[in-house]
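What follows is a set of notes on a single structure, which appears directly below.
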Amino acid sequence: MGGVAFEKPHRSAINFQHRTFVLWLAGIFGALTLALGIAPRHRQDWLLENALVLAALAVLYAIYRHMPFSRLSWSLVFAFLCLHELGAHYTYSEVPYDAWCEAVTGRTFNSLAGWDRNNFDRIIHLCYGLLLAYPIRELFFHLARARGFWSYFLPLDLTLSSSAFYEMIEWAAARVFGGELGVAYVGTQGDPWDAQKDMALAALGALASMLVTALVNWRFQRDFTREWTESLRIHPPP
Amino acid sequence: MNATARSALKPVLIFTACYLAAAIAGAVVAGNREFIIYIGVMLVLVPSLYAVHRRYPLTNGLLWTFSLWGLLHMAGGLLPIPDGWLRHGSHAVLYSWWLIPGWLKYDQITHAYGFGITSWLCWHILKSALRSADGSPVRPTPGLMVLCVAAGMGFGAFNEVVEFTATRLLPDTNVGDYENTGWDLVANLAGSIIAVLIIRRGAKS
């Protein structure tokens with residue numbers, strides 16, 4: 001068998017693995033969203049940022065019912081969504097991480113890192129690849145039985161393409177809404193290369209995540225090399 | 001690589017080498033430093049495709065469409081356009097030419113074409129590498145086609161990142177801005193969708 005084989009998940013195979021764990025995470029996320037939704041800095045931007053969260057939750061519910069996601073994957077998705085909610089509450093370009101850092105260390109984070117702009121959005125784009133590439137890999141693993149090379153390449157590719165798709169949505173939303181809301185939602189902070197940097201960081205995060213995963217599997221998975229070689233085998237046409 | 005794959009490659013390589021040589025000569029005569037970027041892209045693209053061709057022998061159609069993409073790319077960056085032609089920005093080359101003023105540039109057509117055939121290439125590789133659960137060859141199902149569009153979009157995004165890197169190396173490039181990136185991504189998506197629709201239609205007929 002090659003690297004990937006596609007089959008539809010059985011409709012009756014409803015999966016409730018890690019039910020209590022997932023419900024706890026959902027509860028905490030719901031509470032956090034409500035708390036951060038009470039007085040966001042820009043209500044309209046908060047609504048716009050959460051529109052995509054609603055779509056993501058629908059996808060996650062389908063995954064919860066039909067696929068055995070690991071606890072690690074659920075935790076990574078949870079962490080990413082929490083970070084996003086923080087950005088939605090303050091508006092990405094205004095998250096006061098500098099003030100938090102100054103309160104703890106006496107110096108702003110930007111002065112420590114040598115930055116001159118609010119880079120919370122860039123951190124989140126990096127986290128998008130870093131935190132979500134592994135769950136995406138599990139998705140391909142269960143839905144498409146992706147193995148070997150494909151199980152590392154496809155998550156990387158999907159991270160890049162979904163990142164590009166998100167940049168398109170962001171750009172289109174900015175054009176449609178315009179004005180202050182458009183500026184707040186896009187959060188380029190005057191950088192004409194914002195989209196490229198965002199996509200590059202997402203790819204970098206996904207690459208790091210897949211490299212770590214491959215390294216762990218190479219160390220602990222007995223048939224790693226065989227599976228990798230097998231996944232690159234060509235099937236002659238019938 | 002078998003003899004058939006080798007013989008299919010020869011005319012394409014000669015054609016590609018000819019237009020590359022002409023482009024380099026033209027750029028050197030005109031003193032155009034930006035050609036380094038365009039040649040650089042080709043120096044990555046050609047060996048990458050050769051490596052893919054060795055592993056998953058490409059069809060004649062794929063080889064020629066990719067060579068044509070290279071030609072469109074080189075011409076876009078290096079061929080000057082007459083003063084009377086409406087253009088975007090200060091560089092009077094094909095890439096800046098408005099085919100439909102305010103709506104469609106040569107650049108976007110090249111993006112749509114290039115990442116459309118990249119989606120086609122992804123389908124070619126996937127159908128060679130994959131098997132259905134019962135061991136039969138995979139069909140161009142909606143799921144697989146979405147994957148091919150995603151792959152095309154993914155490579156398109158990678159291209160944008162490479163273009164951005166180019167602006168760091170050469171200060172005066174004709175790469176574009178935030179608005180241009182948005183339209184490039186739309187063109188990539190449109191090209192990829194058109195490609196998978198053609199693949200699906202071809203499979204049905």
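Note on naming: letters A, B, ... go to the chains in the order of the sequence lines (proteins, then strands), and numbering restarts at 1 for each one.
Side-chain contact of A:Tyr152 with A:Asn217: a donor-acceptor pair under 3.5 Å is present, judged by distance alone. In summary, the side chains of B:Tyr95 and B:His73 do present a donor paired with an acceptor at a separation below 3.5 Å, with no hydrogens or angles considered. A:Tyr97 and A:Asn110 share a side-chain donor-acceptor pair at under 3.5 Å. For the residue pair A:Ser70 and A:Glu138, a side-chain donor N or O sits within less than 3.5 Å of a side-chain acceptor on the partner.
Neither the backbone nor the side chain of A:Ala203 comes within less than 4.5 Å of any heavy atom in chain B. Residue A:Phe153 touches chain B through its side chain alone, counting heavy-atom pairs closer than 4.5 Å. Only the side chain of B:Leu189 comes within less than 4.5 Å of a heavy atom in chain A; its backbone stays farther off.
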